[in-house]
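Each remark here refers to the structure printed beneath this line.
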Amino acid sequence: MKNNSFLFSAKGICTAAFLSLNTIIYAQKTADISTISEKTLNTILEKNRAYYTQGKVADYIPELGKMDAKAIAFSVVDKNGKVFNTGDVSKKFTMQSISKIISLMVAVNEKGEAHIFDKMGYFGSDKPFNHFSNLETTGKPLNPMMNAGAILTTSLISGEGEKPFLKILDMVRYITKNQAIEYNKSVYESEKATGHRNRGMFYIMKNSGLISGNEDQLDNYFKQCSIELTAEDLAKIGYFFANQCVRFDGDATYKNADMAKLVESQMLTAGMYEFSGEYSRTVGLPSKSGVGGGITVSVPGKMGIGVFSPSLDQHGNSLAGYHMILDLAKQYGLSIF
């Protein structure tokens, strides 16, 4: 009996030691985020640079088709607000759909979440970003991340003429602490001239009573999509929402944990278009992409990430950008799951 007890105890000790060793080995697989450096980012960037050859620069908006497919940049703002950059960090590109998280914040700050989401859903989608989805059936957009919902969100921001757009622009400038940020007038004119599908969504919602204004409101949406910035600016935006709407330099003017949760939850649910579900599984971080080639990422409570590479996959997401984020997330165990 004593021998059996001894054997049982020995087995238990060995099993516990084995499990502990496995835990240690697993923990060692992910690096400490405090070791992130520009060298780290550059290694990841160079590994993924060639992905641009597998995608295509957006050309349904003619001005976007002029982007250099080989351009690539990678930025991180760490917990302490320190910025790390590599690649074409001075290269500017337009926000496109990334602007939707800013307009959502502005609209909810003004009107309240209940008022905004009474007119649209919190749903994800298996349809492309410019799909009409259920506009013709329920009359309401699925979420504020698809074009229909974003057009509606911007129309709900108060002010005549371009005032709603200027509020969005001012918020982008505040979050990035970059007053030089402007919108690209050529891209705006190109979007306005070719944005007939968006115009159709606008008028369906006007017909159903969700929108009461005129096309000035749609122009504001085209302008916000044309706001031009850099990968570093995107990293600062990611940091802002990752840290309860506190700016990277510690400015807490807009500190609001609930707002950050709302925006991050929408980024996670629908920020990568119909790829969002798979992206949540592989990367596991609130992110928002734009067809200009940028992606902003929030690592809750930790950091902001910004990437840029204009060659897109079939969903409209930056190919090299996605793979850079994926590698960083795996290397440092950043997934929230």
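Worth knowing before you read on, the calculation uses all heavy atoms, side chains too, and leaves out hydrogens, waters and symmetry mates.
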Looking only at side-chain N and O atoms, does [Y] offer a donor or acceptor that is under 3.5 Å from a partner on [X]?
| X | Y | result |
| --- | --- | --- |
| S37 | T40 | yes |
| N214 | K206 | no |
| S287 | Y279 | yes |
| Y273 | Q314 | no |

Are E63 and K66 ion-paired here, with the side-chain N under 4.0 Å from a carboxylate O?
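Here E63 pairs with K66 in a salt bridge, since their nearest N and O are under 4.0 Å apart.
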Search all heavy atoms of [X] against all heavy atoms of [Y] and return the closest pair with its distance.
| X | Y | value |
| --- | --- | --- |
| Y239 | D78 | CE1-O, 3.1 Å |
| V89 | S75 | CG1-OG, 4.4 Å |
| D327 | I44 | CB-CG2, 3.8 Å |

Cation-pi check, K236 onto F248 ring (under 6.0 Å, within 45° of axis):
yes
Option passing side chain to side chain donor-acceptor pair (under 3.5 Å) with Y322 (candidates N317, T282, N48, D313):
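Going through the options one by one, the only one that passes is T282.
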What class does the angle between the rings of Y183 and F165 fall in, given that below 30° is parallel, 30 to 60° is tilted and above 60° is perpendicular?
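The arrangement is perpendicular - the two ring planes meet at more than 60°.
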Fit a plane to each ring of F240 and Y174, take the angle between them on a 0 to 90° scale, and name the class: parallel (under 30°), tilted (30 to 60°) or perpendicular (over 60°).
perpendicular
State, with a plain yes or no, whether a side-chain heavy atom of Q96 is found less than 4.5 Å away from one of C225.
yes
